[in-house]
Amino acid sequence: MMERGLAYRKKALVNWCSKCATVLANEQVVEGCCWRHEDTPVEQRALEQWFLKITAYADQLLDDMKDLEGGWPERVLTMQRNWIGRSAGAEVDFRLADTSTPIRVFTTRVDTIYGATCVILAPEHPLNETLLDDAGKARAKAMVDARANRDPGDILKEGFFSGHYAINPYNGERVPIWVGNFVLMGYGTGALMAVPAHDERDFEFCRKYDIGVRPVIRPVEGELAVEPGMQVSYTEDGVVEESGEWSGLPSEEARRRMSAYAEQNGFGKAAITFRIKDWGISRQRYWGTPIPVIHCPSCGVVPVPEDQLPVILPERIEITGAGRSPLENVPDFVNVNCPRCGGAGKRETDTMDTFIDSSWYFYRYCDPRNSTMPFDPAKIAYWFEIDQYIGGVEHAILHLIYSRFFTKMMRDIGLIRNNEPVRRMFTQGMVIAEGAKMSKSKGNVVGADWLAEKFGADTARMFVLFAAPPEKEVDWRAEGAEGLYRFLGRVYRFATRNVGQPERPATGVTDLPSTTSDRKVLRKLHQTVKKITGDFETRWHFNTCIASIMELVNVLYAEEANISAAVKPEIIEKLALLLAPFAPYVSQEIWDELGREGPVFRQCWPSFDPELAKDEEAEIPVQVNGKLRGRIHVPFGTAKDELERRALADEKVQSAIAGKQVKKVIVIPDKLVNIVVQ
RNA sequence: GCCCGGGUGGCGAAAUCGGCAGACGCAACGGACUUAAAAUCCGUUUUUCCGCAAGGAGAGUGCGGGUUCAAUUCCCGCCCCGGGCACCA
């Protein structure tokens with residue numbers, strides 16, 4: 001990555017958590033605080049750090065999402081889209097009135113540039129060094145400091161006049177240059193043109209400091225706003241006015257032509273800006289992969305040669321928590337010879353963000369013992385893409401975006417051929433404990449261990465699965481676990497007292513037996529297999545799977561006395577197989593009781609007979625004006641007119657429509673009859 | 001502010017393509033078994049009204065409208081909760 005310029009070092013303002021005593025990535029900052037310590041505000045420190053150039057892939061990460069649609073939750077894709085934050089616009093040079101030094105601004109609305117009434121610089125903008133006097137520099141610095149420990153809430157817009165003017169390249173107008181605390185150095189060019197008439201923030205700022213407001217866009221069906229007197233900015237697209245030769249053009253077209261004009265005349269160009277920034281990966285921690293470079297006084301930063309990879313962490317180190325890498329205190333690790341010139345060099349002592357490891361672990365899993373390279377590309381070609389990945393939403397802009405980045409990067413260096421790591425993504429809901437989301441990184445995990453200890457692992461597993469569908473967020477509460485324990489007891493008791501003599505293998509009871517109970521029970525059995533098979537293949541709603549097994553067992557209890565000995569083994573066998581994914585231990589017990597060989601989880605999933613899963617007759621609700629008035633029982637496939645006749649003949653229906661005129665009868669075969677009367 | 005989810009009994013939830021709202025479980029209550037308790041088994045359990053009862057009538061899926069023979073499901077407006085992004089020019 002270093003050779004390709006995708007890994008680089010720069011001195012930059014980085015996020016620092018004092019509790020972790022390390023640097024954090026932007027993605028690891030949550031509402032201005034550390035993702036692992038929500039009460040610890042992140043400080044900004046200027047440090048020399050390693051970055052990975054994820055921005056080089058911003059476009060691909062965004063564009064390739066179209067291939068993920070359908071397979072990934074929309075929510076995750078939206079979060080990634082927002083995080084990447086692509087916005088198309090233009091860069092334009094305003095020039096300093098006195099020295100002609102260009103000040104480049106980024107805007108998505110070049111079409112409004114005739115309405116620009118000032119240029120605003122970020123307080124950290126490099127030009128401030130030359131533009132501002134000492135007092136001004138002090139004010140700018142105060143703004144930067146105020147932002148470093150800003151409240152998560154809004155800060156008021158503040159600014160001051162720099163004492164200088166800039167020239168608008170389109171109309172040659174002189175506009176004042178201000179410094180504003182709401183202008184971010186890290187986005188765009190760190191400078192903007194304020195068009196208060198057409199931007200809410202600029203409007204607020206310019207009103208506050210009494211800088212002019214000049215409307216230049218009118219609604220397509222409407223008049224240009226009149227100033228003074230504007231109460232709010234008009235931020236929609238419209239028709240350009242008061243803008244010289246561009247007047248009369250629709251916003252969209254004006255933007256296109258005006259950026260082309262800037263490019264032709266050498267003072268700007270169409271440009272795209274991303275919100276996502278490069279990934280800061282240096283950590284001052286022991287636990288992490290060493291950054292494999294050597295600092296040589298004469299050669300500079302030299303990568304560790306491939307045949308010496310991976311760099312292994314030294315053991316027996318002292319964790320200081322001093323905010324510097326503990327590796328610095330290990331001379332054997334630090335002092336090495338430069339691979340290029342052979343002179344004395346020092347190993348990099350920062351380690352990498354652990355998200356580096358999770359970005360490609362699943363590739364390594366395909367070839368875990370390879371000692372010469374990360375993995376054999378042929379093996380990856382065989383296994384990838386991952387068909388189905390499961391994880392929490394909390395990783396949407398962390399792990400899941402980093403992994404996509406790594407995949408594209410490794411594709412470009414020829415290690416793999418796939419574009420994306422994961423074809424289908426499922427995000428399980430978060431578990432909330434006492435109002436806060438549980439997570440490994442926060443250490444507030446309340447386990448199901450005690451449940452397993454009290455009721456056994458089967459009950460614990462069933463309980464968790466039964467609580468809600470897996471994509472849903474759930475509040476962790478243990479009420480109701482006994483119900484699942486009772487249920488497993490019910491199943492086990494039914495099975496053990498009904499196994500009988502197992503010498504006759506009982507597969508393939510395919511004809512409907514004659515007794516009512518047998519028919520009822522076998523039908524329910526096949527319906528249950530059908531339902532669960534369907535849920536496994538599509539929805540993964542295990543709560544309803546378990547509910548349907550409970551229904552089956554309820555029927556078994558109700559009919560127990562009348563079930564023939566011949567069908568009992570088949571029922572118990574399939575019951576064990578159905579239950580195996582949810583309660584493997586109890587299922588195994590039942591399997592053994594049946595006298596079957598081997599582990600139950602090695603068996604095939606039970607099949608169902610669609611014919612046997614059909615209800616014997618249809619129960620058709622009969623509505624009158626949409627209200628349920630009766631039910632009729634008919635064979636499946638009964639013709640419409642017959643259904644209508646039977647429905648109208650029903651006693652309760654008769655009394656409900658007595659004295660009224662039947663206007664219309666809606667008949668949905670095998671489903672419902674609705675009689676419309678007046 | 002913008003973008004996603006979500007709102008259904010006392011509770012967790014179900015209703016998969018517009019067709020019987022509340023499956024299944026918890027909690028509660030009643031019964032059987034028991035000297036007794038636990039365990040187990042059986043039953044009741046959205047709500048209001050009428051009825052001694054069998055039974056009957058109405059309301060009901062956050063709120064207000066709409067489409068439809070029919071809406072938890074589709075459309076419009078609003079309220080509330082959760083999540084994400086947030087001076088991103």
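Side chains are part of it too, since the values below use all heavy atoms of this structure and drop only hydrogens, waters and symmetry mates.
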> Are the charged groups of A/Asp237 and A/Arg109 less than 4.0 angstrom apart, N to O?
Replying inline: yes
> Hey, are A/Glu559 and A/Lys524 close enough for a salt bridge, meaning a charged N less than 4.0 Å from a carboxylate O?
Replying inline: no
> So, do A/Phe205 and A/Phe182 have ring centers that fall under 6.0 Å from each other?
Replying inline: yes
> Below 6.0 angstrom between ring centroids: does that apply to A/Phe355 and A/Trp35?
Replying inline: yes
Round to the nearest Å and state the distance from [X] atom [atom1] to [N] atom [atom2].
X        : N     : atom1 : atom2 : result
A/Phe463 : B/C11 : CZ    : C1'   : 12 Å
A/Glu479 : B/C26 : CD    : P     : 13 Å
A/Leu484 : B/A13 : CG    : P     : 14 Å
A/Leu121 : B/A89 : CG    : C1'   : 13 Å

Of the options [options], whose atoms approach the side-chain atoms of [X] most closely?
X        : options             : result
A/Val183 : B/A89, B/C24, B/G19 : B/A89
A/Lys531 : B/U16, B/C3, B/A89  : B/U16
A/Arg493 : B/A13, B/C41, B/A14 : B/C41
A/Thr107 : B/C24, B/C87, B/A89 : B/A89
A/Trp83  : B/A89, B/C26, B/C85 : B/C85
A/Tyr187 : B/A89, B/C24, B/G84 : B/A89
A/Leu628 : B/C41, B/G12, B/C20 : B/C20
A/Thr544 : B/G25, B/A14, B/G19 : B/A14
A/Asn543 : B/A13, B/U16, B/C42 : B/A13
A/Leu184 : B/C20, B/U16, B/A89 : B/A89

Work out how far the [atom1] atom of [N] is from that of [M], and round it to whole angstrom.
N     : M     : atom1 : answer
B/G77 : B/A14 : C1'   : 29 Å
B/A59 : B/C3  : C1'   : 37 Å
B/U67 : B/C87 : C1'   : 43 Å
B/C76 : B/G12 : C1'   : 33 Å
B/C79 : B/G62 : C1'   : 7 Å
B/G31 : B/U45 : C1'   : 15 Å
B/G9  : B/U48 : C1'   : 15 Å
B/A28 : B/C80 : P     : 36 Å

>> Suppose we call a contact any N or O donor and acceptor under 3.5 Å apart; does that hold for the side chain of A/Asn674 and the base of B/C69?
In response: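 Yes.
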> Does any donor-acceptor pair link the side chain of A/Lys157 with the base of B/C87 at a separation under 3.5 Å?
Replying inline: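 Answer yes: a donor N or O sits under 3.5 Å from an acceptor.
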> Quick one: on RNA chain B, does A/Arg631 or A/Lys652 contact a more 5' nucleotide (nearest heavy atom)?
Replying inline: A/Arg631
> Which nucleotide, in any strand shown, forms a Watson-Crick or G-U wobble pair with B/A54, with both distances under 3.5 Å?
Replying inline: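 In the structure as shown, B/A54 has no Watson-Crick or wobble partner.
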> If we call it a pair only when both distances are under 3.5 Å in a Watson-Crick or G-U wobble match, what pairs with B/G5?
Replying inline: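 Check on B/G5: paired to B/C81, both distances under 3.5 Å.
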> Since syn is defined as within 90° of 0, does B/C17 count as syn or as anti?
Replying inline: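 B/C17: syn glycosidic orientation.
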> So, is B/G9 syn or anti if syn means the angle is within 90° of 0?
Replying inline: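 Nucleotide B/G9 adopts syn.
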>> With a 4.5 Å cut-off on side-chain heavy atoms, are A/Gln428 and A/Glu471 touching?
In response: no
> Any side-chain heavy atom of A/Glu173 sitting closer than 4.5 Å to one from A/Val175?
Replying inline: yes
>> If you apply the rule ring-ring contact (aromatic ring centres under 6.0 Å, His included), what do you find for A/Trp178 with A/Tyr209, and how did you get there?
In response: CA-CA 10 Å; A/Trp178 284 63; A/Tyr209 291 105; 5.1 Å; yes
